[in-house]
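One structure is given below, encoded as structure tokens.
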Amino acid sequence: QVQLVESGGGLVQAGGSLRLSCAASGRTFSMYAMGWFRQAPGKEREFVAAIRWSGDSTYYADSVKGRFTISRDMAKNTVYLQMNSLKPEDTAVYYCAAGSLPLRGKDYYTRSNYYAYWGQGTQVTVSS
């Protein structure tokens with residue numbers, strides 16, 4: 001089992017920045033990739049960004065490319081999502097997820113069903 005705890009959400013004005021953190025505990029050695037998803041009210045959960053735990057590959061949704069950056073700190077078992085130039089449409093609950101299957105490629109990491117472990121989510125609200 002892997003436990004994930006997100007933090008760093010909050011209220012920010014459009015154009016501002018936030019950094020989300022996701023701390024992993026438990027069988028962290030089994031993690032192969034980690035991702036961030038978000039869900040806005042009345043909408044389906046959508047992929048935001050992913051990173052292989054080795055750190056050699058990152059993936060982004062087109063809607064956040066160039067504004068968001070995913071990274072990880074292996075020593076702290078933590079993955080980050082730096083969000084810049086935030087827009088009101090970025091408002092959502094952001095979820096961290098971890099997957100342990102040794103699969104490679106964006107087709108896997110952008111799908112929620114790849115991930116076996118999920119955090120509780122953290123609210124991000126961007127005001128206009």
Side-chain angles (χ1 to χ4, degrees):
Q1 292 286 340
V2 175
Q3 294 79 42
L4 303 173
V5 178
E6 303 100 333
S7 61
L11 173 64
V12 64
Q13 289 188 333
S17 298
L18 282 175
R19 188 177 81 156
L20 305 183
S21 299
C22 174
S25 60
R27 298 174 60 89
T28 56
F29 60 85
S30 68
M31 295 190 302
Y32 194 80
M34 295 188 74
W36 287 97
F37 287 73
R38 66 187 181 186
Q39 187 166 18
K43 295 187 177 182
E44 294 186 353
R45 190 171 298 188
E46 64 174 1
F47 168 76
V48 175
I51 185 168
R52 287 183 59 198
W53 194 240
S54 62
D56 59 351
S57 298
T58 57
Y59 307 87
Y60 297 94
D62 289 343
S63 59
V64 307
K65 201 171 294 183
R67 299 189 297 123
F68 291 11
T69 302
I70 189 170
S71 62
R72 93 287 180 256
D73 184 327
M74 295 181 74
K76 295 182 178 180
N77 287 326
T78 299
V79 65
Y80 303 98
L81 185 68
Q82 178 67 44
M83 305 185 295
N84 299 328
S85 302
L86 283 161
K87 304 175 182 180
E89 50 264 43
D90 294 318
T91 295
V93 177
Y94 283 71
Y95 297 91
C96 173
S100 59
L101 296 177
L103 302 172
R104 303 181 68 168
K106 184 176 183 179
D107 286 348
Y108 295 106
Y109 304 147
T110 60
R111 298 177 182 176
S112 59
N113 61 8
Y114 167 78
Y115 300 92
Y117 307 103
W118 292 83
Q120 293 300 309
T122 185
Q123 176 70 46
V124 171
T125 302
V126 184
S127 64
S128 57

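One-based numbering along the sequence shown.
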Query raised in the report: Any idea which heavy atoms bring P88 and A14 closest together, and the distance?
Result: CD-CB, 4.1 Å
Query raised in the report: Can you hop from Y80 to V93 via hydrophobic side chains spaced under 4.5 Å?
Result: no
Query - Heavy-atom closest contact (S17 atom, N84 atom, distance) - result: OG-OD1, 2.9 Å
Query - Rounded distance [0.5 Å steps], CG in N77 versus CZ in R72 - result: 10.5 Å
Requested in this report: Find out whether R38 and S63 are in side-chain contact, i.e. whether some heavy atom of one side chain is under 4.5 Å from a heavy atom of the other.
Outcome: yes
List the atom pairs, with distances to 0.1 Å, where a side-chain N or O of residues 98-110 and a protein N or O form a donor-acceptor pair under 3.5 Å, not counting sequence neighbours.
from : atom 1 : to   : atom 2 : distance (Å)
Y109 : OH     : L103 : O      : 2.2
T110 : OG1    : K106 : O      : 3.0

Report summary line: Sorted by chain and number, sequence neighbours left out, side chain to side chain donor-acceptor pair (under 3.5 Å) with S30 holds for none
Report summary line: Correct closest heavy-atom pair for Y115 and A50 would be OH-CB, 3.5 Å
Query raised in the report: Say you draw a straight line from OG1 of T91 to CD of Q123; how long is it, rounded to the nearest 0.5 Å?
Result: 7.5 Å
Query - Lys/Arg-Asp/Glu bridge criterion (N-O < 4.0 Å) met for D90, K87 - result: no
Query raised in the report: Are the side chain of E6 and the backbone of C96 linked by a donor-acceptor contact shorter than 3.5 Å?
Result: yes
Query - Fellow cluster residues of Y94, listed by chain then number, with links counted only when side-chain atoms sit under 4.5 Å apart - result: V2, L4, V12, L18, L20, M31, M34, W36, V48, I51, W53, Y60, V64, F68, I70, M74, V79, L81, M83, L86, Y117, V124, V126
Query raised in the report: Quick check: does any side chain N or O of R52 sit under 3.5 Å from a backbone N or O of S57, one acting as donor and the other as acceptor?
Result: no
Query raised in the report: Where do T78 and A23 come nearest, in terms of heavy atoms and distance?
Result: OG1-CA, 4.0 Å
**Report entry** Inter-residue atom distance K65.NZ - T58.OG1, 0.5 Å rounding
**Finding:** 9.5 Å
